[in-house]
There are 2 protein chains.
Amino acid sequence: MVNDSGKPPGAGRTRRRGASLEEAILRAAVDEMLESGYAGLTMDKVAARAGTNKNAIYRRWPSRLALGVAAYRRLVTAVQPPDTGDLRGDVLEMLRGANRHWSSPLGAILRELMSAAGGAREFLTQLPEQSGDAAAAAWLTVLGRAVARGEASPEALHPRVATVAVVLLRNEFVVRGVPTAPDDVLVEIVDEVYLPLVRGRGSAPAQDVVK
Amino acid sequence: MVNDSGKPPGAGRTRRRGASLEEAILRAAVDEMLESGYAGLTMDKVAARAGTNKNAIYRRWPSRLALGVAAYRRLVTAVQPPDTGDLRGDVLEMLRGANRHWSSPLGAILRELMSAAGGAREFLTQLPEQSGDAAAAAWLTVLGRAVARGEASPEALHPRVATVAVVLLRNEFVVRGVPTAPDDVLVEIVDEVYLPLVRGRGSAPAQDVVK
DNA sequence: CGCCTTCCGGTACGCCGAGTACCTTGCCGG
DNA sequence: CCGGCAAGGTACTCGGCGTACCGGAAGGCG
């Protein structure tokens with residue numbers, strides 16, 4: 001009835017199915033989210049933009065949040081650990097990268113998603129750079145090189161220790177809600193916490209020797 | 001019309017005003033939140049339970065979230081820094097306390113509120129134990145005693161350093177979404193990160209001496 | 001080559017909850 | 001005694017998620 005006059009989608013004339021439709025929906029979701037953030041990502045708008053209807057979406061993603069997370073994953077790329085030649089440089093570089101990301105529109109979206117997930121693990125683990133292991137790897141790489149150079153002690157090669165810096169930075173965003181972390185904060189994290197931590201830890205096995 | 005048969009609030013027969021009404025609303029909000037969490041805190045239910053109507057609420061709190069935060073603040077009490085006599089004991093004690101809180105129903109509410117706030121500073125700063133300064137004070141106290149005892153180096157008396165442990169713990173909840181942190185995690189945080197950090201930091205001023 | 005299953009397109013709707021508008025009614029101060 | 005302020009009451013708008021239902025295109029299967 002509305003075959004050729006109603007809406008000229010420009011896409012295939014033939015009715016889309018399966019993967020092709022899924023792709024269209026996801027692209028629509030991505031675009032919507034870039035324009036209006038996750039808050040502005042409504043199922044109706046996505047459906048309209050994809051030239052389909054909510055049914056087709058719900059057949060693939062169980063909820064708005066799931067779609068949002070899927071769309072976000074399209075937008076991020078894994079970070080490469082830098083190699084400036086010294087630990088402080090590497091760490092600062094990574095922190096600055098993270099800070100840029102969190103301060104960017106993408107970071108805003110990420111924060112919205114984390115908010116919406118509200119601690120639901122099944123969603124949190126889908127978010128890159130939140131899913132622990134992946135993020136920890138880059139830090140361990142950087143730290144590994146530093147240990148080889150003698151800049152850090154081998155005991156620091158521990159996920160919990162290696163990622164302390166980003167955790168602190170993330171804390172600024174998530175808990176304090178800053179829009180962007182000033183560079184002094186990054187430097188402070190590195191010089192007051194991270195470097196002393198991975199260097200120092202010399203003498204005591206940290207178990208019982210107190211004095 | 002419904003003067004004496006409809007709903008027996010038990011409170012004053014006379015129409016409540018000002019502080020008395022405000023109090024009733026807040027109590028209702030607290031009760032609701034204890035029963036169903038922030039998610040279950042609807043303005044209609046609060047109004048009904050307080051024996052009033054949404055108007056009276058909106059005259060006092062601009063939004064549901066503001067009411068939720070106000071109600072939450074009723075529920076929490078400031079923590080006293082422990083004094084076990086040694087740093088490790090104090091720190092573990094505080095971490096365990098924090099862990100208990102985050103794992104408790106109140107902690108669940110707190111997480112919901114943080115979620116709902118979505119990084120809005122005006123709300124985050126209203127949440128006790130999130131508002132930085134307050135929380136930092138207890139840690140500085142504990143650390144101060146440790147410094148006096150010679151268990152920690154004076155450079156550690158820095159808010160960013162002193163609070164590292166809670167930040168790491170909070171990270172478990174907020175980012176990883178765990179319902180409760182196992183005790184080994186707390187011990188690991190203390191022994192692998194916190195104690196080495198506040199003890200060690202010996203030699204280098206961490207500024208330029210790289211090699 | 002025609003049927004039949006699948007699943008897309010379209011539309012309409014249910015439901016819930018936040019926030020608003022507007023009037024009525026009672027309390028209190030002058 | 002009167003006027004105004006705030007509480008009570010009710011109804012409503014608006015947005016948005018998730019569902020239901022139906023007809024019809026695509027494509028597989030015999």
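Side chains are part of it too, since the values below use all heavy atoms of this structure and drop only hydrogens, waters and symmetry mates. Here is the naming used below: chain letters follow the sequence lines, and residue numbers restart at 1 for every chain.
OP1 or OP2 of dG16(D) has not a single side-chain nitrogen or oxygen of Thr42(A) nearer than 4.0 Å. OP1 or OP2 of dG15(D) has not a single side-chain nitrogen or oxygen of Arg64(A) nearer than 4.0 Å. At the phosphate of dG8(D), OP1 or OP2 sits under 4.0 Å from a side-chain N or O atom of Thr52(B).
Taking each heavy atom of Leu157(B) and Gly144(B) in turn, the nearest pair found is CD2-N, 3.7 Å.
Of the residues near DNA chain C, Lys45(B) and Lys54(A), the one whose nearest nucleotide (by heavy atom distance) lies more toward the 5' end is Lys54(A). Between Asn55(B) and Arg59(A), the residue anchored nearer the 5' end of DNA chain D, judged by the nucleotide with its closest heavy atom, is Asn55(B).
With rounding to whole Å, Glu22(A) atom CD is found 13 Å from dG9(C) atom P. Protein atom OH of Tyr58(A) is 18 Å distant from nucleotide atom C1' of dC7(C), rounded to whole Å. Residue Asp44(B) contributes atom CG, which lies 6 Å from atom P of dA18(C) at whole-angstrom precision. If you measure from atom CZ of Arg60(A) to atom C1' of dG9(C), you get 12 Å, rounded to the nearest angstrom. Here the P atom of nucleotide dA18(C) and the CH2 atom of Trp61(B) are 15 Å apart, to the nearest Å. Separating the CG atom of Asn53(A) from the P atom of dC13(C) is a distance of 16 Å, rounded to the nearest angstrom. Put simply, CG on Leu21(A) is 11 Å from P on dG10(C), counting in whole angstrom units.
Using a cut-off of 4.0 Å between Lys/Arg side-chain N and Asp/Glu carboxylate O, Arg199(A) and Glu151(A) are scored as not salt-bridged.
The aromatic rings of Trp102(B) and Phe173(B) lie parallel to each other, their planes meeting at an angle below 30°, with 60° marking the opposite boundary.
For the side-chain contact (heavy atoms from CB on, under 4.5 Å) criterion with Leu92(A), the lone passing option out of Val190(A), Ile189(A), Asp86(A), Thr84(A) is Val190(A).
Leu41(B) comes within 4.0 angstrom of the backbone, heavy atoms only, and of no base.
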